[in-house]
Number of protein chains: 2
Amino acid sequence: MRIGELAKQSGVSVRALRYYEEQGLLESERTPGGQREYESSAVDRVRFFQTLYSAGLSSRRIAELLPCIDTGGTTKEQQAMLQSEREALAHRMAELQEASARLDEVITASKARSL
Amino acid sequence: MRIGELAKQSGVSVRALRYYEEQGLLESERTPGGQREYESSAVDRVRFFQTLYSAGLSSRRIAELLPCIDTGGTTKEQQAMLQSEREALAHRMAELQEASARLDEVITASKARSL
DNA sequence: GTAGAACCTGACGCTAACGTCAGGTGCAAA
DNA sequence: TTTGCACCTGACGTTAGCGTCAGGTTCTAC
């Protein structure tokens with residue numbers, strides 16, 4: 001598939017896809033004319049990037065994790081990297097729960113006041 | 001307290017505090033000489049902002065929510081705003097859990113491979 | 001009354017993740 | 001073979017949340 005189709009199926013912009021390639025996240029074959037050609041598996045890959053992005057990971061971080069993800073990351077450094085990112089995620093989730101709880105306080109307080 | 005002290009106690013930079021004021025999040029009295037003076041309650045307020053920031057809320061969004069937070073938000077618009085923000089938070093938490101699960105898959109897969 | 005730390009207001013710099021031209025090329029259909 | 005849409009490569013623009021001068025003032029201590 002070409003880039004427009006991948007963009008449609010994965011729900012991101014064409015510009016974003018070219019950006020991912022620029023950052024070393026996404027590879028593509030080229031047609032004789034120079035246009036990008038993707039395998040259908042690229043759709044899942046891009047969606048995976050979106051998931052990681054929304055979790056607060058940067059392109060650089062994702063690029064660092066990619067070897068682990070693709071090859072299964074068996075070196076100590078890679079496993080440590082995965083672990084530390086996992087812990088960072090847990091930390092972020094705790095922050096979110098904290099924020100959520102604080103918002104709930106505000107909400108219930110305002111409801112009580114409107115009775 | 002003055003801005004340096006508030007910065008120290010709340011754990012953010014002086015620049016950040018001035019930025020919050022610029023965005024309408026934080027108010028301050030002024031000494032006759034023009035220096036900012038804060039009440040001790042400002043520490044908690046700033047920490048609250050940090051919590052919301054880390055949860056992915058923008059300054060603009062926080063500024064919109066402030067009236068609800070300070071006065072208890074009783075108008076329908078304000079309650080709706082609180083609710084929608086709460087739902088957005090829940091959505092973000094779900095994304096985090098998804099990402100976390102995906103990372104766990106990678107981690108357990110890599111461990112299995114290294115055995 | 002003076003040194004020096006802390007403060008002030010601009011104002012420009014920075015990074016990430018794209019958006020958005022501009023100017024030119026590939027490709028599929030009629 | 002000529003539309004005309006999709007694609008290409010630069011390259012500059014944008015937003016948020018500050019960092020970082022610069023050049024000047026206030027406050028506190030001695």
Side-chain angles (χ1 to χ4, degrees), chain A residues 1-40 42-43 45-66 85 88-89 92 95 99, chain B residues 1-40 42-43 45-66 85 88-89 92 95 99:
Chain A
M1 65 192 331
R2 289 191 301 173
I3 198 169
E5 185 62 22
L6 176 56
K8 202 176 297 178
Q9 287 193 28
S10 58
V12 309
S13 71
V14 165
R15 177 66 175 94
L17 293 177
R18 289 201 267 251
Y19 176 74
Y20 298 163
E21 183 172 319
E22 208 176 300
Q23 301 303 305
L25 303 184
L26 195 59
E27 291 173 11
S28 60
E29 301 295 304
R30 296 294 182 123
T31 68
Q35 301 200 349
R36 291 173 179 83
E37 194 67 25
Y38 298 93
E39 293 168 28
S40 59
V43 176
R45 194 175 177 83
V46 170
R47 286 194 182 136
F48 182 42
F49 293 157
Q50 287 304 107
T51 299
L52 294 182
Y53 274 127
S54 70
L57 299 211
S58 66
S59 287
R60 173 162 295 284
R61 206 82 183 105
I62 297 176
E64 288 171 1
L65 291 176
L66 269 189
E85 204 55 53
L89 262 184
R92 250 167 270 157
E95 287 176 333
Chain B
M1 66 192 332
R2 289 192 300 172
I3 199 169
E5 185 61 21
L6 176 56
K8 202 175 297 179
Q9 288 194 28
S10 57
V12 309
S13 71
V14 166
R15 178 66 175 93
L17 293 176
R18 290 201 266 252
Y19 177 74
Y20 297 164
E21 182 172 320
E22 208 176 298
Q23 301 303 306
L25 303 185
L26 195 59
E27 290 173 11
S28 60
E29 301 296 304
R30 294 295 182 123
T31 68
Q35 302 198 347
R36 290 173 179 83
E37 193 68 26
Y38 299 93
E39 294 169 28
S40 58
V43 177
R45 195 175 176 82
V46 171
R47 286 193 182 137
F48 183 42
F49 292 158
Q50 288 304 107
T51 299
L52 294 182
Y53 274 128
S54 69
L57 300 211
S58 66
S59 289
R60 173 162 295 285
R61 207 81 183 106
I62 296 176
E64 288 171 2
L65 292 175
L66 270 189
E85 204 55 54
L89 263 185
R92 252 166 269 157
E95 286 176 332

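Just so it is clear, the structure is predicted and the values come from calculations on it, not from any experiment. Letters A, B, ... are given to chains in the order of the sequence lines, protein chains preceding strands, and every chain is numbered from 1.
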Open item on the list: For C:dA17 and A:Tyr19 - does any side-chain N or O of the residue sit under 4.0 Å from the phosphate oxygens OP1/OP2?
Closed with: yes
Open item on the list: Rounded to whole Å, how long is the line connecting atom CD of B:Glu21 with atom C1' of D:dG17?
Closed with: 16 Å
Task: Below 4.0 Å: OP1/OP2 of C:dC8 and any side-chain N or O of B:Arg36 - done: yes
Open item on the list: A quick test of your reading: do over 12 heavy atoms of other residues, nucleotides or ligands sit less than 6.0 Å from CD of A:Glu5?
Closed with: yes
Task: C:dC18 OP1/OP2 closer than 4.0 Å to side-chain N/O of A:Tyr20 - done: yes
Open item on the list: Looking only at the side chain of B:Ser13 (C-beta and beyond, no hydrogens), which of the listed nucleotides D:dG19, D:dG17, C:dC7 gets closest?
Closed with: D:dG19
Task: Distance, rounded to the nearest Å, where B:Lys8 contributes NZ and C:dA6 contributes P - done: 7 Å
- [ ] Nearest whole angstrom, please: distance from the P of C:dA28 to the CD of A:Glu5.
- [x] 14 Å
TODO: Answer yes or no: does atom CD of B:Glu27 have more than 12 heavy-atom neighbours from other residues, nucleotides or ligands under 6.0 Å?
DONE: no
- [ ] Indicate yes or no: at least one non-hydrogen side-chain atom of B:Tyr19 is less than 4.5 angstrom from one of B:Ser59.
- [x] yes
Open item on the list: Any side-chain N or O of A:Arg15 below 4.0 angstrom from OP1/OP2 of D:dG10?
Closed with: no
Open item on the list: More than 12 heavy atoms of other residues, nucleotides or ligands under 6.0 Å from CZ of B:Arg60: yes or no?
Closed with: no
Task: Rounded interatomic separation in angstrom, taking CG from B:Leu17 and C1' from C:dA6 - done: 14 Å
At a cut-off of 3.5 Å, list every protein nitrogen or oxygen paired with a nitrogen or oxygen from nucleotides 27-30 of chain D, distance to 0.1 Å.
{"unit_1": "D:dC27", "atom_1": "OP1", "unit_2": "B:Thr31", "atom_2": "OG1", "d": "3.2"}
{"unit_1": "D:dC27", "atom_1": "OP1", "unit_2": "B:Gly33", "atom_2": "N", "d": "3.3"}

Task: Salt-bridge criterion met for B:Arg61 and B:Glu64 (N-O under 4.0 Å) - done: yes
TODO: Write down the distance between CD (B:Glu29) and P (D:dT26), rounded to a whole number of angstrom.
DONE: 19 Å
Task: Residue-phosphate contact under 4.0 Å: B:Ser59 side-chain N/O, D:dG17 OP1/OP2 - done: yes
Task: Length of the CE-C1' vector between A:Met1 and C:dA28, whole Å - done: 18 Å
- [ ] Determine the sole option in B:Arg2, B:Glu29, B:Met1 for which the side chain to side chain contact (heavy atoms under 4.5 Å, CB included) test with B:Tyr38 is passed.
- [x] B:Met1
Open item on the list: Heavy atoms only, 4.0 Å cut-off, all strands: where does A:Arg61 land among base, sugar-phosphate and nothing?
Closed with: nothing
TODO: Round to a whole Å and report the spacing from CZ of B:Arg60 to P of D:dG17.
DONE: 10 Å
Open item on the list: When you measure from the side-chain N and O atoms of B:Arg18 to the phosphate of C:dC8, is any distance below 4.0 Å, counting only OP1 and OP2?
Closed with: yes
Open item on the list: Please determine whether the number of non-hydrogen atoms from other residues, nucleotides or ligands lying under 6.0 Å from atom CD of A:Glu21 exceeds 12.
Closed with: yes
TODO: Send over the distance from A:Tyr53 OH to C:dC18 C1', rounded to a whole Å.
DONE: 9 Å
